[in-house]
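Atoms within a ligand are numbered from 1 in the order they appear, just like the ligands themselves. Side-chain atoms are counted along with the backbone in the values below, which use heavy atoms only and exclude waters and symmetry mates.
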Amino acid sequence: MEKRLRFSLWYFLGAVALLFLLQTFLIREEAGQITYAQFKQLVGTGKVTDVVIGADYVSGKLTTLDVEGILGPEQIKHWKDLGGANYYFRAVKVDDPKLVEELEAHKIAFSGRVANTWLANLVSWVVSLVFFLVLWGFLFRRIGTGAGAGGGLMAIGRSKAKVYVESEIRVTFADVAGIDEAKEELREVVEFLRTPERFRRLGGKIPKGVLLVGAPGTGKTLLARAVAGEAKVPFFSMSGSEFVELFVGVGAARVRDLFEQAKQKAPCIVFIDELDALGKSRSINPLGTHDEREQTLNQLLVEMDGFDPNVGVIIMAATNRPEILDAALLRAGRFDRHVALDRPDVRGREAILRVHTRQVKLAPDVDLRVVAARTPGFVGADLANAVNEAALLAARRERAEVTMQDFDDAIDRITVGAERKTRVMNKREREIVAYHESGHALIASVLPNMDPVRKISIIPRGIAALGYTQQLPTQDRYLMTRSELEDRMAVLLGGRVAEEIVFGDISTGAQDDLQKATDIALSMVTQYGMSETLGLRTFERERRSPFLDTPIMSPKEYSEEKSSAIDSEVGEIFRRSHERVHRLLSEHRAILDELAHRLLEREVVEGDELRALLPSDGDTQRAAS
Ligand code: ADP
Ligand code: MG
Ligand code: ZN
């Protein structure tokens, strides 16, 4: 509605201006200019009629052109050239109180007029109105951001909704490297956007929302754009942080606009960057609620629920903190498809460097594989930055090509910055992490009960995990036997014990493992009745609510003595497990070293490779017993 109003305002102003011009032109054209003295003479001789007395001018009509005695030949020629039957004239007015009397005396018809002032008035009125409207809007916007004004003001911000739409994206999958798994997962989305009819005909189920999860700089934004580029569809984008600064109602209106526009342009992609700024869990906010964010979030949920993915709109979002997102966002039918963007491994980093050095002139001594090996922990953005820095350094040194020296210096420079910012491990830390993860992986592989190891990595992930060992569950589990629980504990202790054996010292890196191991040992004693000394009783000490992170303490159901008995029993389980792990790792020390060595070299080792290192089955069985 506001839009229409503004439109007609412009039309109106245009019309006024046109009228103004027309009037001045027409009158200038038609009316001959005469002096006031001449006018008075004409009045005296009765050769005028229809006199109009304005504020600044008097005008009227000559009754005849037979006025040679009074007007000059030039002036008369004006009317002759016009060729009409009416001879309009105009004279600048002089203060003349007797004029009316004179006109009456000569029986000349006359009228008064407040000349053109209606026009002037109108213009000044409109100008001041516009001025106040602008001022008003500005003031309220200010107030709105400060204190959160009422919802009635939302109409102002509405037409302001700026949606960034790019219809031709040049970025393609070729520009994205080192995150091949994520790329693979998004191929399907590209296929759908390219030929939605094909999918619709087959009744295929298309994801509505795809959430890209990864550390800053891993290429989430880039990848989303690349999907649009590959599929050649329009790309609507908005950043979650933009919404938060707005005043109440505007964010929600923008979301509505965004989806409205997107639906008209389907197939297309709607991308919401930094979703966490908007979709923070509603319960996290300590100071009550942030109305604006919540309204916007609710609107987003409404929009996501309200449309059929078959129209061909795919919603993508990016976040580096999926854990703080509101659970409602992750529910089925919303952002239920998650694509993880890991930090790239050596080979990935090399591939990213290749992408970014396509336009850079490299000296023959530059080996990108070596550059990649020197940049553990770097993400795509860091690598792009490194290439750029190196090129700048080379230019400053007036070189024709970028040399290895430039790369080295650039990496040093960025590492210093990055160490403060993100985790870039030093050599010693990398060794510790490599042995720690090898310890987990080796124990998991030699114990027959355990799921096979899929992948071991020492690429830091998130804030806490410096490396990880991924096990692939072979089947869903509903029950676990005692020996399985014991094996699981052994795997958890594997990391810590490997550090102990190799370095004779231990690090803080095992905290999470120990926590989990403690949980297992405690449950064995207090819940599953698996302790010999305490027997079949359960001693439920604390219950974890499935919905809350904080444990709910329930009153103790047992005596102090029992409590210390539980403690010592848990201690005993730990002692036995530790001994067992220590023995296993010492026996396989050579494999442990080899595995850690390979990890340090390549950062990622696949499960199959690890299994190839292990002795045959018979040996494993003996070792595990
Ligand atoms: P994020 O959105 O995850 O924080 P961006 O997509 O904004 O990261 O990445 C910033 C820049 O870093 C990109 O524009 C690109 O130049 C570079 N970059 C990041 N990841 C990659 C990658 N996987 N391949 C190539 N370039 C990358
Ligand atoms: Mg981004
Ligand atoms: Zn560990």
Notebook entry, point to check: What is the ring orientation for H578 with H582, classed by angle as parallel under 30°, tilted 30 to 60°, or perpendicular over 60°?
Noted result: tilted

Next item on the list: Check whether any N, O or S atom of D513, backbone or side chain, sits closer than 2.8 Å to the Zn ion (ligand 3).
Entry: yes

Check: So, E389 and N385: side-chain donor and acceptor under 3.5 Å apart, yes or no?
Finding: no

Next item on the list: State, to the nearest 10 degrees, the angle whose vertex is the Zn ion (ligand 3) and whose arms point to NE2 of H436 and NE2 of H440.
Entry: 90°

Within less than 4.0 angstrom of ligand 1, does [X] place any heavy atom?
X    : value
H356 : yes
P216 : yes
G217 : yes

[options]: member with heavy atom nearest to [atom]:
atom                    : options                : answer
atom 25 (C) of ligand 1 : D175, V355, V379       : D175
atom 14 (O) of ligand 1 : T221, V213, L222, V387 : L222
atom 9 (O) of ligand 1  : G219, G380, A182       : G219

Check: If you count the non-hydrogen atoms of other residues, nucleotides and ligands that lie under 6.0 Å from CD in Q511, is the total more than 12?
Finding: no

Check: Counting from 1, what ligand 1 atoms have a heavy atom of V176 closer than 4.0 Å?
Finding: 23 (N), 24 (N)

Check: At a 4.0 Å threshold, what atoms of ligand 1 neighbour a non-hydrogen atom of I179?
Finding: 23 (N)

Salt-bridge present ([X], [Y]; N to O < 4.0 Å):
X    : Y    : result
R583 : E579 : no
E260 : R256 : no
E181 : K455 : yes

Note to self: Just to confirm my output: which protein heavy-atom neighbour is closest to atom 12 (O) of ligand 1, and how far is it?
What the structure shows: A381 CA, 3.1 Å

Check: For atom 24 (N) of ligand 1, which protein heavy atom lies nearest, and how many Å away is it?
Finding: A177 N, 3.1 Å

Item checked: N/O separation below 3.5 Å, D273 to ligand 1 -> no

Check: Any donor and acceptor pair, going by atom type alone, linking the side chain of K265 with main-chain N or O of V233 inside 3.5 Å?
Finding: no

Checklist line | Exam field: side chain D326 to backbone L329, donor-acceptor pair closer than 3.5 Å | finding: no

Item checked: Location of contacts on I352 toward ligand 1, heavy atoms closer than 4.0 Å -> side chain

Next item on the list: Measure N320 to ligand 1 on non-hydrogen atoms and call it side chain, backbone, both or neither using the 4.0 Å cut-off.
Entry: neither

Next item on the list: Measure the shortest side-chain to side-chain distance between L599 and Y435 over non-hydrogen atoms and say whether it is less than 4.5 angstrom.
Entry: no

Next item on the list: For residues F236 and F271, establish whether the separation of their ring centroids is below 6.0 Å.
Entry: no

